[in-house]
Amino acid sequence: MAIDGIDWEDRWSPYDEETYRFALEVAHPEDIVVDIGAGDLRLAVRMAPRVRRVYAIERNRAVVQRATALHVYPDNVVVFCADALTWPLPQGITLAVLLMRHCTRDHFATHVRRLKDVGCRRLVTNARWKMGVELIDLQCRRRYDPYLAGWYACHCGSVGFNAPDLDQITTETLNHVVDVVVCPKCTV
Ligand SMILES: C[S@@+](CC[C@H](N)C(=O)[O-])C[C@H]1O[C@@H](n2cnc3c(N)ncnc32)[C@H](O)[C@@H]1O
């Protein structure tokens, strides 16, 4: 995403420990993980002992070279210097990690579509809300409902709030997010 001439999506910077801990805690021993935009591999290296395999995809060659020179990374981490928007995802991936707050909505939708195409079931990301981190069930088929009051977050990357009837707005609707597919802003 270019803002003031800077492509922030292309910039490497690490996230906070809470974000990484969330990603580590949702991983299961049988998971095959793809870390999209893996940066300096700091999460991939920590994830490796908890799962079967980690595919770490990072397109910034300088970051990858620095990271691979620094870490002796475990055998079950496979590093690719490639563009994850086009790199052929292997079948069998069960968990994806997309920690990339500046990911555009179009790119988010593309990552989600490609992950679904290879049967990936879960996605850990901070790219949809741009804050915090969430776990998305990629098998969710719930369709957007314009008459349902409250927050929604769509697999295309859009988020929003519906208030068809102000009487329906309660503390519960304010604190709850419904995960949906096929919203009005949808591209997937
Ligand atoms: C904000 S950094 C976060 C790095 C890592 N996820 C972390 O939490 O430490 C985002 C990274 O995603 C990489 N990136 C962005 N788009 C990418 C793409 N399409 N394919 C591979 N890497 C990408 C950038 O080069 C950058 O290193």
Side-chain angles (χ1 to χ4, degrees), residues 1-28 31-74 76-118 120-136 138 155-159 187-188:
M1 187 190 311
I3 302 171
D4 294 337
I6 298 170
D7 184 353
W8 290 101
E9 193 176 291
D10 234 14
R11 291 287 170 110
W12 173 72
S13 71
Y15 289 109
D16 52 287
E17 177 58 23
E18 206 180 318
T19 298
Y20 295 134
R21 211 173 301 132
F22 180 95
L24 293 167
E25 280 169 10
V26 300
H28 302 150
D31 272 327
I32 297 180
V33 180
V34 61
D35 187 1
I36 297 173
D40 71 349
L41 309 179
R42 64 182 62 202
L43 179 62
V45 167
R46 288 175 66 180
M47 184 73 86
R50 295 171 170 256
V51 299
R52 275 170 63 193
R53 186 175 307 149
V54 183
Y55 294 104
I57 322 298
E58 170 54 56
R59 71 179 172 193
N60 185 324
R61 187 165 298 279
V63 172
V64 173
Q65 280 172 346
R66 212 166 40 237
T68 50
L70 277 178
H71 295 293
V72 178
Y73 50 87
N76 64 340
V77 176
V78 188
V79 182
F80 291 92
C81 183
D83 185 344
L85 290 163
T86 52
W87 181 75
L89 291 167
Q91 292 288 332
I93 290 169
T94 56
L95 175 68
V97 178
L98 177 70
L99 295 180
M100 197 189 293
R101 279 193 189 143
H102 291 94
C103 187
T104 64
R105 195 167 66 82
D106 276 1
H107 287 174
F108 180 86
T110 301
H111 288 306
V112 167
R113 179 178 44 74
R114 284 165 46 78
L115 289 166
K116 287 183 182 181
D117 284 349
V118 294
C120 181
R121 295 190 288 264
R122 298 182 305 145
L123 170 63
V124 174
T125 188
N126 57 7
R128 193 160 65 166
W129 290 97
K130 316 294 184 197
M131 53 193 287
V133 59
E134 60 172 334
L135 178 65
I136 301 177
L138 295 178
H155 287 198
C156 73
S158 300
V159 297
T187 54
V188 283

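Everything quoted here is computed from the prediction, not taken from an experiment. Whatever order the structure lists ligands and atoms in, that order sets their numbers, starting from 1.
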Hey, are the side chains of L98 and L115 touching, using non-hydrogen atoms and a 4.5 Å cut-off?
no
Does R42 reach ligand 1 with a nitrogen or oxygen that is under 3.5 Å from one of the ligand's nitrogen or oxygen atoms?
no
Over all heavy atoms of both residues, which pair between A27 and R122 is shortest? Give the atoms and the distance, please.
CA-NH2, 4.5 Å
Note: ligand 1 atoms sitting under 4.0 Å from heavy atoms of P14 are 9 (O)
Ligand 1 N/O within reach of R59 N/O, cut-off under 3.5 Å:
yes
I'd like to check whether A38 has a polar contact with ligand 1, where a contact means an N/O of the residue lying under 3.5 Å from an N/O of the ligand.
no
Can you tell if the side chain of L135 reaches within under 4.5 Å of the side chain of F22, non-hydrogen atoms only?
yes
Does any N or O atom in A84 lie less than 3.5 angstrom from one in ligand 1, N or O only?
yes
Check: residues 88-96 side-chain donor-acceptor pairs under 3.5 Å, at least two apart:
unit_1, atom_1, unit_2, atom_2, d
T94, OG1, D31, OD1, 2.6
T94, OG1, I32, N, 2.9
T94, OG1, I32, O, 3.3

Heavy atom of Y20 under 4.0 Å from ligand 1?
yes
Note, F108 side chain near L123 side chain (heavy atom, < 4.5 Å):
yes
Can a non-hydrogen atom of L43 be found less than 4.0 Å from any atom of ligand 1?
no
Side chains of Y73 and V54: closer than 4.5 Å at any heavy-atom pair?
no
What atoms in ligand 1 come closer than 4.0 Å to a heavy atom of M100?
12 (O), 14 (N), 15 (C), 16 (N), 17 (C), 23 (C)
Nearest-neighbour protein heavy atom for atom 25 (O) of ligand 1, which is reported as residue plus atom name and distance:
E58 OE2, 2.6 Å
Could you tell me, atom by atom, which parts of ligand 1 come under 4.0 Å of a heavy atom of E9?
14 (N), 15 (C), 16 (N), 24 (C)
Please tell me if the side chains of E134 and R128 come closer than 4.5 Å, counting only heavy atoms from C-beta onward.
yes
Is there a side-chain contact between Y15 and R101 in this structure, where contact means two heavy atoms from C-beta onward sitting under 4.5 Å apart?
yes
Without placing hydrogens or testing angles, list every side-chain donor-acceptor pair under 3.5 Å for residues 37-50, not counting sequence neighbours.
unit_1, atom_1, unit_2, atom_2, d
D40, OD1, R42, N, 3.2
D40, OD1, R42, NE, 3.0
D40, OD2, R42, NE, 3.2
D40, OD2, R42, NH2, 2.8
R46, NH1, E17, OE1, 2.9
R46, NH2, E17, OE2, 2.8
R50, NH1, L24, O, 3.2

For a 4.5 angstrom cut-off between non-hydrogen side-chain atoms, does M100 reach H107?
no
H107 and ligand 1 - part of the residue with a heavy-atom distance under 4.0 Å
neither
Here the atoms of ligand 1 under 4.0 Å from any heavy atom belonging to A82 are 20 (N), 21 (C)
With heavy-atom distances below 4.5 Å as the criterion, would you say the side chains of L85 and H111 are in contact?
yes
With heavy-atom distances below 4.0 Å as the criterion, list the atoms of ligand 1 near R11.
1 (C), 2 (S), 10 (C), 26 (C)
Please say whether G39 places an N or O atom under 3.5 Å from an N or O atom belonging to ligand 1.
no
CD/E58 to SG/C81 distance, rounded to the nearest 0.5 angstrom?
7.0 Å
Ligand-residue contact atoms, ligand 1 with D83, heavy atoms, under 4.0 Å:
18 (C), 19 (N), 20 (N)
Taking 4.0 angstrom as the limit and counting only heavy atoms of N60, give me the atoms of ligand 1 inside it, by number and element.
25 (O)
Quick one: does H111 get an N or O within less than 3.5 Å of an N or O on ligand 1?
no
For atom 6 (N) of ligand 1, closest protein heavy-atom neighbour
G37 O, 2.7 Å
With atoms numbered from 1 as shown, which atoms in ligand 1 lie under 4.0 angstrom from a non-hydrogen atom of S13?
1 (C), 2 (S), 3 (C), 4 (C)
